[in-house]
Structures are given as C-alpha cells and as structure tokens.
Amino acid sequence: MKWSKSVRYLLCLTLFTSLIGGALTANGGQVAQAAANEYKFDFGAGAVENGYTGVSATEAYTSAKGYGFNTPANMRNVSASGTGIASDAVQFVTFGTKSTNTFNVDLSNGLYEVKVVLGNTARSSVAAEGVYQIINMTGNGATDQFQIPVTDGQLNLLVSEGKEGTAFTLSALEIRKISNQTVTNRTIYIGGDSTVCNYYPLSSSVQGGWGQLFPSYVNTSTFQVRNMASSGQFARGFRDDGQMEAILKYIKPGDYFILQLGINDTNAKNNTTEAEFKEIMRDMVRQAKNKGANVVLSTPQGRATDFNSANVHTAENRWYNASTRALAQEEGVTLVELNKLSSAYFTSIGPAATLALYMTGDTLHPNREGAAQLARIVAADLRRQGLNGF
C-alpha cells in the first residue's frame with residue numbers, strides 16, 4: 001500500500017512518541033524504569049548519575065510517577081562521602097520496620113533482586129514490607145542486596161535501626177525483576193551473633209563472620225544465603241526484636257534455617273539462664289519447623305586461646321553448648337558441633353596458626369580467613385550428614 005506524505009509523517013511521529021514516552025515522567029524528568037522490569041534510583045539533591053532516576057527527599061509518591069516517598073516531610077537530603085551515586089543521599093528521619101516513612105515503587109507482582117547503597121552511616125538495617133531485609137550494614141557507602149517477592153503491586157522500603165543515634169541514609173537503589181513467581185528461591189537463613197554476621201565491604205572486610213563467607217561453600221545455583229545474624233545478639237533478642245519475624249515471613253518448605261547462639265546469652269547483662277536459653281531456642285526451632293523448613297542448630301567455636309597444656313584445643317563446655325546439643329536431639333533437628341569440629345582443626349594447626357585466624361588482639365572474633373575456615377567446616381559437616389545442596 002502506498003502511504004501519503006502526511007500519513008507517513010503521522011506514523012513516524014506516533015512511533016517516536018511511543019519510544020520516548022516510557023523514558024519521561026509527567027513533568028519531563030527521567031523515568032524510573034530504565035528497561036523492562038529494571039529500576040535505578042539516585043537519591044539526594046546533587047547531580048544524578050547517568051542511567052539513574054534522581055529522587056530528592058522532597059519528592060512525594062504519586063501513582064502517576066509510580067515512585068516517591070510516602071511521607072517526604074520525614075525525609076532530608078544529606079551529603080555523602082562517596083563518589084557518583086554515593087556522593088549524596090537521603091536520610092530517614094523517622095524509621096522502624098513498621099514505619100510508614102517509606103520509599104514506594106510500583107512494581108508488577110513477582111520476585112525481585114534489590115540492591116541498596118547506603119550513604120554515610122555507622123550502622124543501619126534495611127527494611128521492606130514491614131520486616132528487616134538486611135541487618136546492620138556498617139560503614140559509609142555500604143552495599144548489599146536481597147531477594148524479595150512483591151505480592152501487592154508495590155515495594156515499600158526504608159533504612160532503619162542498626163544503632164540508635166546514628167543517621168540512617170540511602171544513596172542508591174537498584175531493582176530488577178528476576179521471576180514472575182511471588183516466592184523466594186530456595187534459601188538458607190542464618191541466625192547468630194558477631195562470630196556469624198556480615199561485615200562490610202562484604203568482599204574485602206578484614207573481620208568476617210562465618211555466615212558472611214558461607215555462600216562460597218554452598219551450591220548457589222540451588223540456594224541463596226540470607227545471613228540475618230547481628231553483632232551482640234542473644235536468643236531472646238533474635239526472637240523478639242525482628243530478625244526471627246523476618247525469617248518466618250518468607251521461610252518455606254525446602255529452605256534451611258541454621259541457628260547459632262549462646263555466646264552472648266552467657267553474658268550476665270542479657271539476664272538469660274541456660275534453661276531460659278534452651279526454651280527460647282526451642283521456640284524458634286519449632287516455629288521454623290512449623291513452616292516446613294529444615295532446622296540446623298550449631299554450637300559456637302571457642303576462643304583462640306582455648307588450648308590446654310598439651311596444645312589440644314577444647315571449648316566443650318562454653319556458651320551453653322550442652323543445651324544446644326540436647327535441644328537438637330529432643331527436637332529431632334540436625335546438629336553441627338562447630339565447637340568440636342573447629343577445636344579439632346585448631347589442634348591440627350596449633351596455637352600460633354589458630355591465633356592468626358582471629359582479629360588482632362581479640363581471641364573471640366575471627367578475621368576473614370578464620371571465618372572462611374569456619375564456614376568451610378559447617379558446610380562440610382552438613383554434606384557429611386547428607387543435607388541436599390551443600
């Protein structure tokens with residue numbers, strides 16, 4: 001068919017408009033959606049990095065834009081010490097996992113990978129959908145990511161408590177749809193304390209928790225690892241202060257829940273008797289089992305200096321270990337006796353090499369290599385016990 005010149009012009013104009021229409025907001029700004037099901041936001045009042053949507057603290061959510069702050073009056077633009085997307089940020093003035101002071105993004109239902117880059121902060125956690133997603137990100141410009149199912153057409157996210165009295169800031173956010181399903185991939189959830197938790201930057205931190213290094217020893221084509229451990233944590237705090245709540249929101253049949261606590265429970269300031277510790281741990285074990293998950297209890301490793309006069313390392317009676325062992329048997333769940341297994345390894349390498357696996361001047365907390373060795377030992381024992389995916 002032969003088109004007239006005027007008709008050809010109108011067709012070209014229509015095509016051009018359709019191509020750029022998805023790249024502009026109602027007010028002519030750059031749209032959040034850089035590609036199908038992929039979004040990149042650069043927060044703060046400074047220059048916007050190429051490929052990102054700039055979002056000031058004053059920008060309220062509207063359905064026309066599909067993104068913005070729910071209560072911008074409770075947000076503040078702040079500077080940050082990084083470069084590029086990390087050169088500025090927004091600060092959440094009000095916070096808490098149940099806070100309505102969230103950044104909202106309209107999304108089609110499905111499973112998403114969310115990457116967060118913090119601004120300047122000492123210690124912050126990331127919450128979404130009313131529960132914690134990442135626990136205690138530390139240091140300026142800290143970066144991490146998580147999977148989250150969206151079931152109601154919108155992601156609601158905020159940066160919240162890691163340490164009260166510090167600023168909770170966000171420099172950048174990247175969101176990518178990875179599936180139309182609305183459940184997470186098979187997941188290994190880990191609960192624990194400072195010997196287990198993440199340290200930042202994740203890929204180069206001097207200190208490490210074994211949960212942080214655990215993905216290197218797991219079949220990541222089968223599992224994702226969600227480390228919900230935090231420094232200073234004890235059983236009652238893990239259960240009651242939001243970490244267990246977050247796990248129970250998403251955990252499902254086929255997932256694993258590895259729980260290692262006891263070190264801080266023995267500290268007098270946490271006012272937890274061994275009997276109380278055991279029953280709180282039992283409660284968490286049963287809650288996870290009721291969700292159909294596979295539960296694993298682990299006993300903590302000992303101190304670097306737990307060598308006897310014969311240079312044999314032993315931490316048999318530390319950290320309420322006896323109650324953890326008894327609980328595993330009573331509840332019929334898998335037990336990793338990391339205290340015994342790590343002691344055997346430490347004995348094999350000797351006191352000097354063992355001390356070299358801990359932070360300088362610290363006989364309790366492993367450095368990155370020490371954490372890697374502990375993660376290796378845990379994964380190897382789970383394989384030995386026939387658990388699938390390790």
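Just so you know, these numbers come straight off a predicted model, no measurement behind them.
- With no hydrogens or angles considered, no side-chain donor-acceptor pair links Tyr320 and Glu274 at under 3.5 Å.
- A salt bridge links Arg318 to Asp306: one of the charged nitrogens lies within less than 4.0 Å of a carboxylate oxygen.
- Put simply, the side chain of Tyr200 reaches to within 4.5 Å of the side chain of Asp144, judged on heavy atoms.
- Residues Phe92 and Ile134 share a hydrophobic cluster, clusters being chains of Ile/Leu/Val/Met/Phe/Trp/Tyr side chains in contact below 4.5 Å.
- The closest side-chain donor-acceptor pair between Ser108 and Lys177 falls under 3.5 angstrom.
- Donor-acceptor pairing under 3.5 Å is lacking for the side chains of Gln224 and Asn185.
- Counting only distance, with no hydrogens or angles, the side chain of Asn367 and the backbone of Gln207 share no donor-acceptor pair below 3.5 Å.
- Heavy atoms of other residues, nucleotides or ligands lying less than 6.0 angstrom from NZ of Lys98 number more than 12.
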For Thr334 and Leu387, run side chain to side chain contact (heavy atoms under 4.5 Å, CB included): C-alpha distance rounded to whole Å, both residues' side-chain angles, the deciding distance at 0.1 Å, then the answer. CA-CA 9 Å; Thr334 301; Leu387 274 69; 4.0 Å; yes

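- Considering all non-hydrogen atoms of both residues, Pro201 and Arg368 come closest at O-NH1, 4.4 Å.
- Under 3.5 Å, the side chains of Gln260 and Ser298 contain a donor-acceptor pair of N or O atoms.
- Asn136 has its side chain within reach of Arg123: a pair of non-hydrogen atoms, C-beta onward, lies under 4.5 Å apart.
- Both Tyr132 and Tyr250 belong to a single network of hydrophobic side chains, linked directly or stepwise wherever heavy atoms of I, L, V, M, F, W or Y lie under 4.5 Å apart.
- Taking each heavy atom of Thr182 and Val150 in turn, the nearest pair found is CG2-O, 3.6 Å.
- Transitive grouping of hydrophobic side chains (ILVMFWY, heavy atoms separated by less than 4.5 Å) keeps Val90 and Tyr61 in distinct clusters.
- Distance alone, capped at 3.5 Å, is enough to place a donor-acceptor pair between the Thr169 side chain and the Asn120 backbone.
- Annotation for Gly254 and Arg186: closest pair O-NH2, 2.7 Å, computed over non-hydrogen atoms.
- Asp193 and Ser231 share no side-chain donor-acceptor pair at under 3.5 Å.
- At a cut-off of 3.5 Å, with distance as the only test, no side-chain donor of Ser125 or Glu161 sits close to an acceptor on the other residue.
- Between Glu316 and Arg325 there is a salt bridge, since at least one side-chain N of the basic residue sits less than 4.0 Å from a carboxylate O of the acidic one.
- In summary, Arg176 and Glu38 do not engage in a salt bridge, as defined by a charged side-chain N under 4.0 Å from a carboxylate O.
- You'll find the side chain of Met281 reaches within 4.5 Å of the side chain of Leu261, heavy atoms only.
- Two different hydrophobic clusters hold Val183 and Ile251 under the rule that ILVMFWY side chains link at heavy-atom gaps under 4.5 Å.
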What's the verdict on ring-ring contact (aromatic ring centres under 6.0 Å, His included) for Tyr67 and Tyr39, showing C-alpha distance, side-chain angles and the deciding distance? CA-CA 10 Å; Tyr67 67 90; Tyr39 307 79; 9.0 Å; no

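- Side-chain contact between Glu245 and Arg239: absent, with no pair of heavy atoms (C-beta onward) separated by less than 4.5 Å.
- Note: Phe69 and Phe43 have tilted aromatic rings, judged against thresholds of 30 and 60 degrees for the angle between ring planes.
- Of the possible donor and acceptor atoms, one in the side chain of Thr121 sits under 3.5 Å from a partner among the backbone N and O of Ala167.
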Please step through side chain to side chain donor-acceptor pair (under 3.5 Å) for the pair Gln154 and Asp106, ending with a clear verdict. CA-CA 4 Å; Gln154 190 177 78; Asp106 291 341; 2.9 Å; yes

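- Val126 and Val78 are assigned to two separate hydrophobic clusters, defined by single-linkage of ILVMFWY side chains at heavy-atom distances under 4.5 Å.
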Report the C-alpha separation of Trp319 and Thr299 in whole Å, then their side-chain angles, then the decisive distance to 0.1 Å, and conclude whether the side chain to side chain contact (heavy atoms under 4.5 Å, CB included) test is met. CA-CA 8 Å; Trp319 321 134; Thr299 53; over 6 Å; no

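- Note that Arg376 lies in the cation-pi zone of Tyr345, set by a 6.0 Å cut-off to the ring centre and a 45° limit from the axis.
- When only modelled atom types and interatomic distance are considered, Glu337 and Asn339 share no side-chain donor-acceptor pair under 3.5 Å.
- A side-chain donor from one of Ser230 and Gln243 sits under 3.5 Å from a side-chain acceptor of the other.
- Residues Thr166 and Ala122 share a closest heavy-atom pair of CG2-CB, 3.7 Å.
- No side-chain N or O of Asn264 forms a donor-acceptor pair with one of Asn270 less than 3.5 Å apart.
- A donor-acceptor pair under 3.5 Å links the side-chain atoms of Asn321 to the main chain of Ala315, judged by distance alone.
- Of the N and O atoms on the side chains of Ser99 and Asn101, not one donor lies less than 3.5 Å from an acceptor on the other residue.
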One pair to check against ring-ring contact (aromatic ring centres under 6.0 Å, His included): Phe103 and Phe41. What are the steps and the verdict? CA-CA 11 Å; Phe103 179 69; Phe41 298 97; 5.0 Å; yes

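- Taking a 4.5 Å side-chain heavy-atom cut-off between Ile, Leu, Val, Met, Phe, Trp and Tyr, the cluster of Ile178 extends to Leu111.
- Contact of the Met137 side chain with the Tyr199 side chain is not registered, since no non-hydrogen atoms from C-beta on lie closer than 4.5 Å.
- Glu129 is listed as a side-chain neighbour of Leu155, based on a closest heavy-atom distance under 4.5 Å.
- Side-chain contact between Ile263 and Asp265: absent, with no pair of heavy atoms (C-beta onward) separated by less than 4.5 Å.
- His365 and Ser194 share a side-chain donor-acceptor pair at under 3.5 Å.
- When all heavy atoms are compared, the tightest approach of Gln212 to Ser205 is NE2-OG, 3.1 Å.
- Thr187 places no side-chain N or O within donor-acceptor distance of the main-chain N or O of Tyr189, the cut-off being under 3.5 Å.
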Assess the residue pair Lys40 and Glu49 against the criterion (salt bridge (Lys or Arg N to Asp or Glu O under 4.0 Å)); give the C-alpha distance rounded to whole Å, side-chain angles, the decisive distance to 0.1 Å, and a yes or no. CA-CA 10 Å; Lys40 300 171 76 173; Glu49 287 298 297; over 6 Å; no

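- Under the 3.5 Å distance criterion, the side-chain polar atoms of Glu276 are matched with a main-chain donor or acceptor of Thr273.
- Arg226 and Gln147 share no donor-acceptor pair across their side chains, judged by distance under 3.5 Å alone.
- Applying the salt bridge (charged side-chain N to carboxylate O under 4.0 Å, His left out) test to Arg303 and every residue at least two apart in sequence or in another chain returns nothing.
- For Thr100 against Thr71, the heavy-atom pair with the smallest separation is O-OG1, 4.0 Å.
- Under 4.0 Å is where a charged nitrogen must lie from a carboxylate oxygen, and between Arg236 and Glu279 no such pair does.
- Between Phe168 and Phe95, a ring centre-to-centre spacing shorter than 6.0 Å is recorded.
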Asn77/Ser56 under side chain to side chain donor-acceptor pair (under 3.5 Å): CA gap, chis, key distance, verdict: CA-CA 7 Å; Asn77 288 318; Ser56 169; 3.0 Å; yes

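- You'll find the side chain of Phe214 reaches within 4.5 Å of the side chain of Val218, heavy atoms only.
- Counting non-hydrogen atoms of neighbouring residues, nucleotides and ligands closer than 6.0 angstrom, the CG atom of Asn290 exceeds 12 such neighbours.
- Inspection of the Thr184 and Lys252 side chains reveals an N or O donor paired with an N or O acceptor under 3.5 Å.
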If you apply the rule side chain to side chain contact (heavy atoms under 4.5 Å, CB included), what do you find for Val48 with Asp42, and how did you get there? CA-CA 6 Å; Val48 179; Asp42 181 356; 4.3 Å; yes

